[in-house]
Novice: 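Got a structure here, written out as structure tokens. Questions coming.
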Amino acid sequence: MADATGNKIAKNYYVDVKVKQDGFYLKGLNGYDWGIQDRMTRMFNKKSGRTVMLAFDHGYIMGPTAGLERPDVTVLPLAEYADVLMCTRGALRGCIPSTVNKPVALRCTTGATLLRELSYECLGVDIEDAVRLNASAMAIQVFCGAEYEHNSLENLAKAVDAGLRYGIPTLGVTAVGKDMVRDARYLGMATRVCAELGCQFVKTYYCAEGFEEVVAGCPVPIVIAGGKKLPENEALEMCWKAIDEGASGVDMGRNIFQSDDPVSMLKAVRSIVHDGETAEKAYQMYCDLKGK
């Protein structure tokens, strides 16, 4: 049995060796059934193999958030430019008309707010309601190294089991607490744990050093979180670096809906993720489109 003492640090990630993908275009998903693959195809562009997700699930722990005071006003105009909407069922039913017809990554964990220990979560959405909402994925928060790590990993395992029964992919979301460092060693462990427990894709943070190894060590696609609001040029630079180093997309929230021009920012992000533009060209696009 492996233990934490005396383990050798992993270092040979073969980042120069391309992963074999026979039969299906997304990393590590060739062995899944038709329903899982179909829903992944809805979320990940078949030409680029990547996705631009719009996260606006912040209210489930934060309440009203700057830029999300009225999702029906601020998010709805952005929906057509996103590949996937990541949100809670309350925001989806209350603010997003079904005619928007976008894939949904449904936030399915709950149990704590910013006022308490965030890792003390449970499953908050039954698989039947995920089916009822035609969710393309279930998003489960995982708190590796936090006080209630066990609970969050159990939530992920249960969601994966339910998703496999109904053909719905599970997105493992790697939370990083205040006592954890967002470095390659931690993110590499957290993303690998999610993949080992069976989720079909993982959301994590970008790190400036070693991100290629984080991607290489995770056998399923990784999308990066946008995190806190950055100046637009910095957010686009982070997006470009992540894609250049192997990420399969982004799941941005505050860097989109808190931007001075959210639609233009989302279009600029898309140009990097799907069209291979550089951060500099994407920022110029943002500036040219801003205010039009």
Side-chain angles (χ1 to χ4, degrees), residues 21 24-29 32 35-58 68 71 74-89 91-92 95-108 130 133-139 163 167-173 199-204 206 215 220-227 235-236 238-240 242-244 246-257 259 261-277 282 285-286 289:
Q21 293 167 221
F24 192 64
Y25 70 105
L26 294 175
K27 176 182 176 182
L29 303 184
Y32 284 95
I36 294 283
Q37 291 186 353
D38 174 65
R39 287 180 172 87
M40 292 297 291
T41 300
R42 296 181 204 174
M43 295 184 286
F44 286 79
N45 183 283
K46 289 187 285 293
K47 183 177 179 180
S48 68
R50 301 183 186 124
T51 186
V52 175
M53 302 173 63
L54 176 64
F56 58 102
D57 57 334
H58 305 65
L68 292 181
T74 57
V75 172
L76 203 51
L78 300 173
E80 68 174 290
Y81 304 105
D83 298 317
V84 183
L85 305 179
M86 182 168 171
C87 59
T88 64
R89 60 182 173 182
L92 185 64
C95 304
I96 307 298
S98 58
T99 50
V100 168
N101 197 29
K102 286 286 182 176
V104 172
L106 188 66
R107 169 66 70 174
C108 290
L133 286 166
N134 197 30
S136 291
M138 297 179 292
I168 300 179
T170 301
L171 169 62
V173 182
C199 68
Q200 287 76 32
F201 60 130
V202 180
K203 175 180 175 179
T204 197
Y206 175 75
V215 173
V220 296
I222 283 179
V223 297
I224 67 154
L236 292 169
M238 178 180 67
C239 176
W240 178 82
I243 295 300
D244 185 59
S248 296
V250 300
D251 187 13
M252 286 188 166
R254 286 170 287 181
N255 280 297
I256 301 297
F257 60 73
S259 170
D261 191 324
V263 170
S264 297
M265 185 62 178
L266 191 48
K267 288 180 177 180
V269 169
R270 290 188 65 85
S271 73
I272 293 173
V273 174
H274 292 313
D275 301 328
E277 290 288 9
M285 173 190 289
Y286 166 77
L289 293 173

Novice: Minimum heavy-atom separation for Tyr25 and Thr41, please, with both atom names.
Specialist: OH-CA, 3.3 Å
Novice: Please determine whether side-chain contact (heavy atoms from CB on, under 4.5 Å) holds for the pair Gln200 and Val220, giving the CA-CA distance in whole Å, both sets of side-chain angles, and the decisive distance to 0.1 Å.
Specialist: CA-CA 6 Å; Gln200 287 76 32; Val220 296; 5.6 Å; no
Novice: Is the backbone of Glu277 close enough, under 3.5 Å, to the side chain of Asp275 for a donor and an acceptor to pair up by distance?
Specialist: no
Novice: Under a 3.5 Å distance rule, please check whether Lys102 uses its side chain to pair with a backbone N or O of Glu80 as donor and acceptor.
Specialist: yes
Novice: Where do Met53 and Leu171 land on the side-chain contact (heavy atoms from CB on, under 4.5 Å) test, with the steps shown first?
Specialist: CA-CA 12 Å; Met53 302 173 63; Leu171 169 62; 4.0 Å; yes
Novice: List in chain and number order the residues that pass side chain to side chain contact (heavy atoms under 4.5 Å, CB included) with Ala282, two or more places apart in sequence or in another chain; answer none if no residue qualifies.
Specialist: Leu236, Ala268, Ser271, Ile272
Novice: Assess whether side-chain contact (heavy atoms from CB on, under 4.5 Å) is satisfied between Ile36 and Leu29, documenting all intermediate values.
Specialist: CA-CA 9 Å; Ile36 294 283; Leu29 303 184; 5.7 Å; no
Novice: Does some side-chain heavy atom of Val215 sit less than 4.5 Å from a side-chain heavy atom of Lys27?
Specialist: yes
Novice: Of all the heavy-atom pairs spanning Ile256 and Val269, show the shortest one and how long it is.
Specialist: CD1-CG2, 4.0 Å
Novice: Over all heavy atoms of both residues, which pair between Gly49 and Leu26 is shortest? Give the atoms and the distance, please.
Specialist: O-CD2, 3.7 Å
Novice: Indicate yes or no for a side-chain donor-acceptor contact from Asp83 to the backbone of Val52 under 3.5 Å, with no hydrogens or angles considered.
Specialist: yes
Novice: Supply the atom-to-atom distance Ser136 OG to Met40 CE, rounded to the nearest 0.5 angstrom.
Specialist: 10.0 Å
Novice: Can you list the residues that meet the side chain to side chain contact (heavy atoms under 4.5 Å, CB included) rule with Ser248, with sequence neighbours excluded?
Specialist: Phe44, Pro221
Novice: Which distance, rounded to the nearest 0.5 Å, do you find between the CG of Leu85 and the CG of Leu76?
Specialist: 9.5 Å
Novice: What's the shortest heavy-atom distance between Val104 and Cys87, and which atoms?
Specialist: CG1-SG, 4.2 Å
Novice: Atom CZ in Phe56, atom CG in Leu92: separation rounded to 0.5 Å?
Specialist: 6.5 Å
Novice: Ignoring hydrogens and angles, tell me if any N or O in the side chain of Asn255 forms a donor-acceptor pair with the backbone of Gly226 under 3.5 Å.
Specialist: yes
Novice: Restricting to non-hydrogen atoms, name the atom on Ala247 and the atom on Ile224 that form the minimum distance, rounded to 0.1 Å.
Specialist: CB-CG2, 4.1 Å
Novice: How long is the span from the CD1 atom in Ile243 to the CE atom in Met238, to the nearest 0.5 Å?
Specialist: 10.5 Å
Novice: Should Asn45 and Arg50 be marked as a side-chain contact (heavy atoms from CB on, under 4.5 Å) after you check the CA-CA gap, both sets of side-chain angles, and the distance that decides it?
Specialist: CA-CA 5 Å; Asn45 183 283; Arg50 301 183 186 124; 5.8 Å; no
Novice: Report yes or no: does Arg39 contribute a side-chain atom to a donor-acceptor pair with the main-chain N or O of Pro169 at less than 3.5 Å?
Specialist: no
Novice: Supply the atom-to-atom distance Phe201 CZ to Thr51 OG1, rounded to the nearest 0.5 angstrom.
Specialist: 7.5 Å
Novice: Considering all heavy atoms of both residues, which atom of Met265 and which atom of Tyr286 are nearest to each other, and what is their separation?
Specialist: N-CD1, 3.6 Å
Novice: What's the separation between atom OG1 in Thr88 and atom CG in Leu133, rounded to the nearest 0.5 Å?
Specialist: 10.0 Å
Novice: Which residues pass the side-chain hydrogen bond (donor to acceptor under 3.5 Å, both in side chains) test with Arg89, not counting sequence neighbours?
Specialist: Asp129
